[in-house]
Amino acid sequence: MNNRFTVVVCDDNKESRDEIKKYVSNFFSSKKAEYEIKEYTSGDELIGSLKEEKNQINLVFLDIEMPGINGLEVKNILCDDEKVERIVFVSNHINVMQDAFGMKVMGFVVKPITVDSINKWLTHVYNVYSQAVRVDFGNNRVRATEISYIQADGNYTKIALNDGTVSDLMHVSIINWIDELGDSFVRCHKSFLVNMDYILKIKYKELVLTNGVVLPVGRKYYNELKDDYSKYLVNNIKGRLGWGE
């Protein structure tokens, strides 16, 4: 598993790509953090690369107006790809902002690009990444943000990552996980703890995750689950808009 923070820059304008890459490099160099930048000149090139990509993509800086498939169409594909975590649009076209929003879209950088506008989103996403709880997963350690749910079997549990990988049973109770993991996790059933980052929809007796997995919802947990998820969505929107900063 890759422990480097991965940034993708997708823009048909070389000057814009170079500028973003420079700001990204300076940001991570100042933090002495491991990182990787991948650049693409078109949406088609980026989408084509996803089939071979094995690691998480932590942040995508995405232009809107490009030859071939445009940024809005690319966004829809990226939002369905479990390897992609967050997207920030970079464009002159603020009139399409309403169409640009999506589950993974953090916000907008309006051209001309400035170091402050890039650093704002790098700081927001990197802080979440660097402060995330790490847990043992086989011979590796993974971020809590990569976990989609935890399933209990008596006093044992297993971890399911968002990419579909599932751990062996470990002698850790679901109560212990509730204490260890962050506020993004909520109990939806006596045997399931779910990461709200990956909830797509909640029904009365089940919920659906972004990767298509369906989990049961216990009757006694339903109201608290709905309340916690509503608060989570509001807080996420505030964060994207920069409220409270």
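It should be emphasised that the depicted structure is a prediction, and the values quoted were computed from it without experimental measurement.
Between Leu207 and Val214 there is no side-chain heavy-atom pair separated by less than 4.5 Å. Looking at Asn13 and Asp63, their side chains never come closer than 4.5 Å, going by heavy atoms from C-beta outward. Within the 4.5 Å cutoff, side-chain heavy atoms of Val172 are placed close to those of Trp177.
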Can you check side chain to side chain contact (heavy atoms under 4.5 Å, CB included) on Ile77 and Ile69, steps first, answer last? CA-CA 11 Å; Ile77 296 171; Ile69 183 172; 3.8 Å; yes

Given Ile159 and Tyr149, is the side chain to side chain contact (heavy atoms under 4.5 Å, CB included) satisfied, shown in steps? CA-CA 6 Å; Ile159 298 172; Tyr149 67 91; over 6 Å; no

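Panel note: side chain Glu146, backbone Arg143; a donor-acceptor pair is recorded below 3.5 Å. In this structure, Glu53 contributes its side chain and Asn55 its backbone to a donor-acceptor pair below 3.5 Å. Under a 3.5 Å cut-off, the side chain of Ser117 and the backbone N or O of Val109 do not form any donor-acceptor pair. For Tyr232 (side chain) and Phe185 (main-chain N/O), no donor-acceptor pair under 3.5 Å exists by modelled atom type. Without hydrogens or angle criteria, Tyr229 side chain to Ile199 main chain gives a donor-acceptor distance under 3.5 Å.
Taking the centre and axis of the six-membered ring of Tyr129, the NZ or CZ atom of Arg134 falls inside the cone set by 45° and 6.0 Å.
Scored by the side chain to side chain contact (heavy atoms under 4.5 Å, CB included) test, Lys205 finds no partners at all (sequence neighbours excluded). Applying the salt bridge (Lys or Arg N to Asp or Glu O under 4.0 Å) criterion to Glu65, with sequence neighbours excluded, gives no partner residue. Listed by chain and number, the residues in a salt bridge (Lys or Arg N to Asp or Glu O under 4.0 Å) with Lys220 amount to none (sequence neighbours excluded).
Ionic pairing of Glu36 and Arg4 is present here: one or more N-O contacts between side-chain nitrogen and carboxylate oxygen are shorter than 4.0 angstrom. Taking the charged nitrogens against the carboxylate oxygens, Arg141 and Asp136 do have a contact shorter than 4.0 Å, which makes a salt bridge.
No option in Val84, Leu78, Leu59, Val60 other than Val84 meets the side-chain contact (heavy atoms from CB on, under 4.5 Å) test with Lys104.
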Going by atom type alone, with no hydrogens or angles, which donor-acceptor pairs under 3.5 Å involve a side-chain atom of residues 21-30 and a protein atom two or more places apart or on another chain?
from	atom 1	to	atom 2	distance (Å)
Lys21	NZ	Glu39	OE2	2.5
Tyr23	OH	Glu19	OE2	3.1
Ser25	OG	Lys21	O	3.0
Ser25	OG	Tyr35	OH	3.4
Asn26	ND2	Lys22	O	3.4
Ser29	OG	Ser25	O	2.8
Ser30	OG	Asn26	O	3.4
Ser30	OG	Phe27	O	2.6

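Closest approach of Gly68 and Asp44 over heavy atoms only: CA-OD2, 3.6 Å.
Residues Leu169 make up the rest of the hydrophobic cluster containing Tyr156, defined by ILVMFWY side-chain heavy atoms closer than 4.5 Å, directly or through other members.
Applying the salt bridge (Lys or Arg N to Asp or Glu O under 4.0 Å) rule to pairs touching residues 179-197 yields nothing, sequence neighbours excluded.
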